[in-house]
Amino acid sequence: MTPQMTYILRRLLIAGLAPVLALCSLFSGPSPTRLTAPISGYWPIHLVPSLFGPYSTPANNGYENGNQISPIIPLSYVAWRKPQILGVQFIGDAPRNLASDKFSLTIKGPRGYIRGLKVQYFSNGFVGWKVPSLPAGKYRVTFMAPGFQQPQSSWSVTIAKPPQMVDPVTETYADQASLSSLNAYRAMLDEAPVKWNQSLADAAMAHARYLAENGYNAPSFHMEEKNRPGYSGKTPWSRDLVYGWPSILDGEVGIEWTQSLPPVAVIQDLVDTVYHRLSLLSANLFFSGEGSSTGKTGAVVMDLGYGYSSKLPLAITYPRPGQTGLPTAWVDLESPDPVPNGYGNRYGYPITVDFPTVETLKDVHVGLFQGTERVAIYKDMPGVESMAGNQLGMVPRYPLNPNTVYSVEVFATATFNSGVTQPITLHWRFSTGGDTESVAVAPLSAHHILVSVVRAGNGEPDVNTPLRIYRVLSPTRQQMVGSGRTGLSGTWNFERKQETRALYNVVTQSGNSDEFWW
């Protein structure tokens, strides 16, 4: 393994308040799974009909009854950046519903009340009031909801001068490439794209610099210690608030590295996991900001901004139904570790399931099958260790067979956030390619894509690997539009002339592949 590959994946997805922690199961949940199977470029696969639904979003998106509200009140905090908007986060209510309630906000500072506040309703359920440029000082913010059980809630925001110069970062080519790669995964799950956010990027960059200066154990990868150089907040959510992110619904993922990787490979390595994948492929993820540093304790840090989508499915599975060309094996370098004492060992490719409108899962039974034969797996069950109460993971104990169809079954009793309890059943199929290659794509423009091929888990680039790219014309027919080989970084650039959006499939010589919209 080259020095470039000496990294450990780190993930934190927490929100800061006990009431919110109880709701963190809502954070993850990518969107509708595909029920038609695209081809891999070598042979077709047929899906067994799946029982996705019908309890997903019949009313209030499965979150709550119409006569209830669940505002998440921010912590009292110190801001180094003057906030542009202040408000509260609601759990899964559409803007049009929130706008019909007579909410109000007051801000009282050293010189009295701030006037001219204007309310805005956002697609992620956030209700905010745009504020003027506030001078330094302490402000009392009060949210009022007449007619509801929680009519008034208050918190304070102290605007303070930062202890050191804090220059805003700008969106870079690497940021655009990372988001392009992430959104390529999300598009295949019918999810909305994640957008770049200034506050999250500033917080992520500040923490990456802190890690470079203080190391990974000061006191941990995600936490900072006061009085150390570059300190900007103990936790990810406190740092995000410091830099202007208006909500405590956030998370953080990261990679320890000594040398930087191509942005597409960073996202690829994060998705080729259990916990990191659930964080990044959430339908409730709206914004992201990235920062990085290199050196002995270099890192890439992604701060993630969540909300509550008004359009959610019952379940999000990855691999998705009908997905083909998946790696046969995966090296476990993830922290927290989805396999007990499994760090550094080789297993089959991980499988995850997320139920975004479910609060808790009970009586859970999962199985992976090759034909009628049950495949041995490690189970990451809901609510156990680092798994949220509405998520589960499976790691095959041994590498999967090449060019083989596998089926997954999940049976459970789900208590939805609306309070309804119902049995749920999932049954879907996916297939492997011929090797351990992980293939990913970053559509950088209407004419240009960057393809990455690495070994799943350890991220080692596949050099000089033959590739073919196809345009998918139907579930059983595709047309080759180009071919090439990966370079020293395991990447390959491909350009096209037309700009018509279509489904493409890039395939290695071994049959491993990745489908994407372009």
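- S438 pairs with exactly one of N512, D514, D272, D462 by the side chain to side chain donor-acceptor pair (under 3.5 Å) rule, that one being D272.
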As a quick check of understanding, evaluate side chain to side chain contact (heavy atoms under 4.5 Å, CB included) for I85 and W129, giving each step before the final call. CA-CA 5 Å; I85 193 164; W129 282 260; 5.6 Å; no

Should Y504 and I469 be marked as a side chain to side chain contact (heavy atoms under 4.5 Å, CB included) after you check the CA-CA gap, both sets of side-chain angles, and the distance that decides it? CA-CA 7 Å; Y504 287 82; I469 184 168; 4.2 Å; yes

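- Between E171 atom CD and Q176 atom CD the span is 4.5 Å, to the nearest 0.5 Å.
- Side chains of Y318 and Q323: a donor-acceptor N/O pair is present below 3.5 angstrom, by distance only.
- Note that the OH atom of Y243 and the CG atom of L200 stand 12.5 Å from one another [nearest 0.5 Å].
- With hydrogens and angles disregarded, a donor-acceptor distance shorter than 3.5 Å links the side chain of S180 to the backbone of P443.
- Taken from CG in N284 to OH in Y308, the straight-line distance is 7.0 Å, to the nearest 0.5 Å.
- In this structure, W518 contributes its side chain and S445 its backbone to a donor-acceptor pair below 3.5 Å.
- Under the 3.5 Å distance criterion, the side-chain polar atoms of Q198 are matched with a main-chain donor or acceptor of V169.
- Remark: T491 OG1 to L261 CG distance equals 11.0 Å, nearest 0.5 Å.
- By the 30° and 60° cut-offs, the orientation of the rings of Y347 relative to W330 is tilted.
- The pair R455-E460 does not meet the salt-bridge criterion, since no charged nitrogen lies less than 4.0 angstrom from a carboxylate oxygen.
- Side chains of F494 and V441 form no contact here, defined as non-hydrogen atoms less than 4.5 Å apart.
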Quick one, W196 with T172, criterion side chain to side chain contact (heavy atoms under 4.5 Å, CB included). Give me CA distance, side-chain angles, the key distance, then yes/no. CA-CA 10 Å; W196 184 83; T172 65; over 6 Å; no

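- No donor-acceptor contact under 3.5 angstrom links the side chains of S178 and D175, judged on distance only.
- Expressed to the nearest 0.5 Å, how far OG of S247 lies from CG of L86 amounts to 12.0 Å.
- In this structure, D435 and T508 have side chains that are not in contact, with every pair of non-hydrogen atoms separated by 4.5 Å or more.
- In terms of modelled atom types and a separation under 3.5 Å, the side chain of E225 and the main chain of P219 share no donor-acceptor contact.
- Geometric assessment of R397 against the ring of Y378 yields a positive cation-pi assignment under the 6.0 Å and 45° thresholds.
- Between S232 and A206, the shortest heavy-atom contact is OG-CB, 4.0 Å.
- Taking OG from S292 and CE from M205, the interatomic distance works out to 5.0 Å, rounded to the nearest 0.5 Å.
- The backbone N or O of N464 lies less than 3.5 Å from a partner atom in the side chain of R485, making a donor-acceptor pair.
- Inter-residue side-chain proximity for T328 and N401 is flagged as unmet; no heavy-atom pair is nearer than 4.5 Å.
- Annotation: side chain of I159 is in contact with side chain of P83 (closest heavy-atom distance under 4.5 Å).
- Minimum heavy-atom separation, V274 to P350: CG2-CB, 3.7 Å.
- Residue A299 comes nearest to L211 through the heavy atom pair CB-CD1, 3.8 Å, listed as atom of the first residue, atom of the second, then distance.
- Side-chain contact check for Y210 and R239: no donor-acceptor pair (N or O, by modelled atom type) lies under 3.5 Å.
- Closest of all the heavy-atom pairs between V451 and L467 is CG1-CD1, 4.0 Å.
- Contact of the Y185 side chain with the Q268 side chain is registered, since non-hydrogen atoms from C-beta on lie closer than 4.5 Å.
- For N183 against P193, the heavy-atom pair with the smallest separation is OD1-CA, 3.2 Å.
- Among D337, V331, D332, the single residue meeting the side chain to side chain contact (heavy atoms under 4.5 Å, CB included) criterion with E334 is D332.
- Contact annotation: the side chain of D240 never approaches that of E252 to less than 4.5 Å [non-hydrogen atoms, C-beta and beyond].
- Under a 3.5 Å cut-off, the side chain of N124 and the backbone N or O of F126 do form a donor-acceptor pair.
- In terms of modelled atom types and a separation under 3.5 Å, the side chain of H447 and the main chain of R496 share a donor-acceptor contact.
- With contacts defined as side-chain heavy-atom distances shorter than 4.5 Å, the pair L249/F286 does not qualify.
- For H222 (side chain) and G251 (main-chain N/O), no donor-acceptor pair under 3.5 Å exists by modelled atom type.
- No donor-acceptor distance shorter than 3.5 angstrom exists from the side chain of N493 to the backbone of H448, with no hydrogens or angles considered.
- For E385, the CD atom sits in a loose shell: 12 or fewer heavy atoms of surrounding residues, nucleotides or ligands are nearer than 6.0 Å.
- The shortest side-chain heavy-atom distance between M302 and L270 falls under the 4.5 Å cut-off.
- P327 and Y349 make their closest contact through O-CB, 3.4 Å (heavy atoms, listed as atom of the first residue, atom of the second, distance).
- In this pair, F430 and Y406 present their aromatic rings parallel. The plane angle is below 30°, not in the 30 to 60° band.
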For the pair V242 and R81, evaluate side chain to side chain contact (heavy atoms under 4.5 Å, CB included) and give the outcome as yes or no after the intermediate values. CA-CA 6 Å; V242 158; R81 294 278 173 79; over 6 Å; no

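- No donor-acceptor pair closer than 3.5 Å links the side chain of S279 to the backbone N or O of R277.
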